[in-house]
Every structure is written in C-alpha cells, then in structure tokens.
Amino acid sequence: MVARDKTKNQIGYAVFGLICFVLYFIQYTKGYNLKIGNATAVLLVPIIVIIATFFREWVGALFGLVVGTLMDITTSGSTCFNAIALMLIGCASGLLITYLFNNNLLSALFLDFMFVFIYFLSKWLFLQFFSGKSDAVQYLLEYSLPSAFLTFIVGIPIYIIMRYIMKIINRFS
Amino acid sequence: MRFFFRSRKFKIIAGITGILLVFVIVMQILGSIASPTTSILGAVVSPIQKFSTWLTTSISDFNTTINDGQALMQENEELRAENERLTNEVLDYQEIKEENAFYEEFLEIKEQNSDFVMEPATLIAMDSTDPYLGFTIDKGLLNGIAAGDPVITSAGLVGYISETAPSYSKVTTILSADLNIGSVDKRTKDAGIVSGKLSLAEKGLCRLYNLPRTCSVAVGDYVVTSGGGVFPSGLLIGTVTDIKAEEINTSVYAILDPVVDIPEIRDVMVLTYFSGQGETLPSE
C-alpha cells in the first residue's frame with residue numbers, strides 16, 4: 001500500500017512537473033495572448049496552489065520554489081521575488097489544506113482566490129510601490145487587480161482539469 | 001500545525017527563504033546581475049525558450065502559408081504539393097534574405113560608427129505581465145554583454161540591458177518608466193529626457209520631458225540620443241506626435257512614437273562597446 005502510494009506520488013510529481021514546465025513556456029513565449037485588456041493571466045500561480053492541495057506543504061513549497069525561480073528568469077526587476085512568493089504560497093496552501101480546510105473544490109477555489117490576490121498585491125507592493133514608481137497606483141488598478149481577477153477565473157478550469165488528471169493517476173497506479 | 005513549525009521541513013523552507021532574501025540584498029548591492037539560482041536554471045531553460053519562440057514563430061508563418069495554399073489544394077492536388085514544396089523553398093529563401101537584410105542594415109550602422117562593437121541577439125522570452133514590454137535575449141555575460149549596454153535594431157534604440165546572467169539578459173525598453181535617456185530634437189537641438197509612462201506604454205508611446213516652454217520642438221521632429229556615458233549620440237528614438245504642457249511645472253513634454261516596433265521585435269543588436277561609453281546605468 002505504501003509502495004503504491006509512493007508510485008502514485010512519483011507519477012503525480014512527474015505529470016504536474018511537466019504541466020508546470022509546459023505552462024511556463026506558454027506563459028513566457030512571445031505571442032502568449034491569454035489577456036483581456038490590460039489583464040494578463042499568470043497560469044503558474046493557481047497551478048502551485050492546486051499542486052499544494054494535492055501533495056501538501058512540502059511538495060507545494062518545492063514546486064513553488066522551482067517555478068518561481070523559472071519565472072524570475074524572465075520577469076523584469078524581480079530578483080528572487082517569484083521564487084520566495086511561490087514557495088511560501090505553495091507551503092501555506094498545503095498547510096491550510098492539511099490543518100484547516102477540507103480538500104474539495106470550494107476550499108481549493110477559496111485558496112486560489114486568496115493566494116492569487118496575495119501574489120499580485122505583494123508583487124505590486126514590492127516591485128512597484130516600495131520601489132517608488134510614480135505610476136504605482138495606476139499600475140495596481142489597471143494591471144495588478146484585473147490580472148489577479150483573470151488569473152483566479154482561469155484557475156477554476158485549471159483546477160477541474162488537474163483534479164481529473166489526478167483521478168486518472170490514482171486509478172492507474 | 002504547531003508540529004510543522006517545529007519540523008525539519010519548516011527549518012529547510014525558512015533556510016531557503018533566508019538564502020533567497022540574502023540573494024536579493026546582495027543583488028541589490030551588486031546591481032543588475034542575476035542571482036545564482038536564476039543563472040543556473042536560466043542556462044538550462046534558455047535554449048528551450050529559444051526553441052519555443054522559434055516554434056511559435058514557425059507555426060505562425062506556416063499557418064499563413066497553409067491558408068494561402070488551401071485554394072490551390074481544392075483546385076488541384078498536384079499543384080498543391082508543388083505549391084507547398086515551392087512555398088517551403090520560398091520560406092527558406094525569405095529567411096535567408098531577411099537574415100541578410102538584417103545584417104546589411106547593421107553593416108550600414110557599423111560603417112557610420114566604426115567604434116561600435118555589436119553582438120547580435122535573439123528574443124527568447126517576453127514577459128507578458130510587463131506593460132513596458134520587457135523581454136529576454138539569448139546572449140549574456142559569456143558573450144561580453146554587460147548591464148547598461150544599449151540595445152538597438154537597424155531602425156533605432158530599443159532600450160538597455162537591465163540584468164545579465166551568463167547565458168541570457170533582460171532588456172528594459174524605452175517604454176519603461178525606469179529608463180531616462182538624455183536626448184535632443186534632431187532639428188532644433190532642444191534637449192530633454194526620454195522616459196516611459198504607464199499610460200503611454202499602453203499605446204506603445206513614450207515621452208520627451210523637461211523641455212523649456214520656449215522650445216521649438218514640433219510634431220514630426222525626430223528625437224535622437226544626446227550621448228555621453230550610457231548611450232552613444234545620434235541613436236534614433238522616435239518621432240514627435242504631440243506636445244503637451246506639464247501640470248506640475250512650466251515645462252512641456254513631447255509624446256514620442258518610437259521608431260522601433262517593440263511588440264514585433266525578433267532580433268536585436270547589443271552595443272557592447274562604443275567610444276565614450278560610461279559606467280553609470282540609465283536609471284541612475
């Protein structure tokens with residue numbers, strides 16, 4: 001039973017690792033157009049929250065660290081910001097689902113909503129507001145908040161798809 | 001949950017966070033060099049990013065080709081096959097021709113500025129969340145590129161290198177509010193500073209500010225870099241499309257339409273050396 005769980009987890013890590021990798025390239029390849037007006041969906045944030053709800057805090061933090069570091073390669077002026085933020089988000093999501101929430105759609109959506117907004121607000125706070133950018137408030141209203149909302153919305157179908165993939169992994173391992 | 005905070009896992013996560021925070025502080029002090037973690041991962045990821053960008057561009061080009069060929073396919077299967085073969089040849093030819101044209105245009109710049117040392121680079125990733133259209137190129141410290149180096153196309157100035165790693169570099173464009181470039185109106189010699197603004201970047205524009213109210217800048221004028229330290233003089237930035245009065249003081253500013261179509265950039269040149277190159281960064 002333990003060996004079976006281990007195999008299941010290893011397949012899960014591989015599959016979700018691959019999904020993260022593919023989504024990263026989709027997100028940062030020129031021509032990415034999951035945009036509405038100024039809002040851009042950052043697919044990798046809900047993915048980390050969802051992975052943490054499946055595999056708990058340790059794996060969530062590890063995935064967050066790797067994906068965040070990848071994002072730092074392409075994000076302007078964000079030395080280690082994404083790595084730290086996503087690692088903490090992954091860890092916190094896993095902890096909340098382990099100790100506080102039931103692991104169901106509703107709690108996953110709540111965590112997705114909460115952490116997506118925390119991510120965008122902290123990004124705005126550290127990279128815009130504290131950096132003393134003159135357009136910081138405009139950036140928050142026109143870019144950060146609409147992007148957070150779009151990312152949350154996009155996170156819903158992603159959760160459903162990933163839940164389905166997880167079910168398939170559970171069935172076959 | 002209390003158990004977690006006492007566990008070894010928590011200590012490891014806290015340790016990694018601490019190390020990354022130290023990286024942030026050290027990078028802020030050193031300035032414009034990528035952290036070791038992103039540098040290592042970047043070396044692995046850059047070739048794949050280059051491939052994915054190439055793939056996207058190829059699919060887009062191929063789509064156009066297929067759409068053109070569909071009418072012929074309906075008329076005659078043989079002609080379609082022939083057409084595809086010829087189209088592929090034409091695509092290859094166009095690619096080579098474009099490449100030649102790219103280098104030819106730079107040859108002209110090189111002939112005009114014999115002191116320029118240029119490094120060709122290709123866009124490998126674009127930060128879709130950046131309203132100022134910052135992007136990543138496939139060359140870095142190993143190719144002699146340093147933070148602060150100007151980035152150009154044959155049309156004019158694109159921006160500067162804001163961060164370097166061994167195998168890639170990040171480019172901040174002229175649309176960014178982080179950039180301040182000493183510039184002059186080519187016709188009137190009125191001097192000002194070119195910088196971006198969020199509301200203008202949305203429209204792909206930037207501005208030339210700090211102009212005296214008595215200046216003679218007019219719509220249609222070309223604006224070029226004034227030189228001195230960070231950028232060589234005479235690099236074309238854009239054309240004046242409008243002139244407006246500042247709300248907070250008596251100066252005026254001109255709205256510029258950059259000569260470089262930044263969303264369409266594929267290949268650029270990085271000026272790794274020019275005579276008179278200084279050491280200060282454009283944001284300083």
Side-chain angles (χ1 to χ4, degrees), chain A residues 21-22 24-35 37-42 57-58 61-62 64-66 68-84 87-88 90-91 94-96 98-100 120 123 126 128 131 133-136 138-139 142-144 147 151, chain B residues 1 3-4 9-10 12-13 16-17 19-21 23-24 26-28 33-35 37-42 45-46 48-49 51-53 55-57 59-60 123-132 134-136 162-163 165 168 170-172 176-178 196-199 201-202 263 265-266:
Chain A
F21 214 54
V22 169
Y24 167 74
F25 286 109
I26 291 173
Q27 175 90 52
Y28 289 103
T29 297
K30 191 182 160 193
Y32 170 79
N33 52 11
L34 198 47
K35 283 180 167 189
N38 292 333
T40 309
V42 181
E57 67 276 4
W58 184 236
L62 202 68
L65 177 67
V66 175
T69 309
L70 283 172
M71 286 169 75
D72 281 327
I73 296 169
T74 24
T75 311
S76 309
S78 69
T79 321
C80 298
F81 169 81
N82 289 303
I84 296 172
M87 184 177 70
L88 296 179
C91 183
L95 280 175
L96 287 173
T98 306
Y99 296 105
L100 213 62
F120 277 97
K123 189 177 176 184
F126 287 107
Q128 298 290 322
S131 303
K133 301 268 169 74
S134 55
D135 300 322
Q138 192 186 355
Y139 190 94
E142 290 184 15
Y143 285 88
S144 299
S147 294
T151 304
Chain B
M1 201 179 295
F3 176 74
F4 173 78
K9 287 176 182 177
F10 172 72
I12 293 172
I13 290 172
I16 294 171
T17 310
I19 292 168
L20 290 175
L21 284 173
F23 279 163
V24 174
V26 172
M27 296 315 139
Q28 290 300 319
I33 296 173
S35 71
T37 46
T38 50
S39 293
I40 294 163
L41 258 183
V45 165
S46 296
I48 308 170
Q49 278 181 322
F51 172 75
S52 59
T53 304
L55 192 68
T56 320
T57 313
I59 289 169
S60 158
L123 181 149
I124 54 168
M126 201 158 215
D127 182 4
S128 52
T129 60
D130 181 9
Y132 304 115
F135 57 91
T136 308
S162 50
E163 196 178 306
Y168 69 91
K170 290 182 197 174
V171 177
T172 296
S176 171
D178 291 338
K197 205 170 192 298
L198 191 62
S199 52
E202 290 165 2
I265 282 176
R266 284 189 192 183

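Each chain gets a letter, A, B and so on, in the order the sequences are listed, and its residues count up from 1. Note that the structure is a prediction, hence the values are computed from the model and not measured.
- Residue contact with chain B, scored on non-hydrogen atoms closer than 4.5 Å, involves the side chain of A/Y143 exclusively.
- Pairing each heavy atom of A/W58 with each of B/I12, the nearest pair is CH2-CG2, 3.7 Å.
- Interface residue A/A83: backbone and side-chain heavy atoms are both found under 4.5 Å from chain B.
- Counting heavy-atom pairs closer than 4.5 Å to chain A, the top-ranked of the candidates B/I16, B/D130, B/V171 is B/I16.
- Contact annotation: the side chain of A/Y28 never approaches that of B/T136 to less than 4.5 Å [non-hydrogen atoms, C-beta and beyond].
- Considering all non-hydrogen atoms of both residues, A/T74 and B/D127 come closest at O-CB, 3.5 Å.
- Interface residue A/L88: only side-chain heavy atoms are found under 4.5 Å from chain B.
- One N or O on the side chain of A/T40 and one on the backbone of B/S128 form a donor-acceptor pair closer than 3.5 Å.
- Contact detail for B/K170 and A/D72: the closest heavy-atom pair is NZ-O, 2.6 Å.
- If you measure heavy-atom distances from B/S176 to chain A, you find no contacts under 4.5 Å at all.
- Residues passing the side chain to side chain donor-acceptor pair (under 3.5 Å) test with A/Q128, sequence neighbours excluded: none.
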Can you list the steps and then say if B/L20 with A/L65 is a side-chain contact (heavy atoms from CB on, under 4.5 Å)?
-> CA-CA 10 Å; B/L20 290 175; A/L65 177 67; 3.7 Å; yes
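- If you measure heavy-atom distances from B/I19 to chain A, you find no contacts under 4.5 Å at all.
- Looking at A/T75, both its backbone and its side chain come within 4.5 Å of chain B, counting heavy atoms on both sides.
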Mind running side-chain contact (heavy atoms from CB on, under 4.5 Å) on B/I13 and A/E57 for me, showing each step along the way?
-> CA-CA 10 Å; B/I13 290 172; A/E57 67 276 4; 5.8 Å; no
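- Residue contact with chain A, scored on non-hydrogen atoms closer than 4.5 Å, is absent for B/T172.
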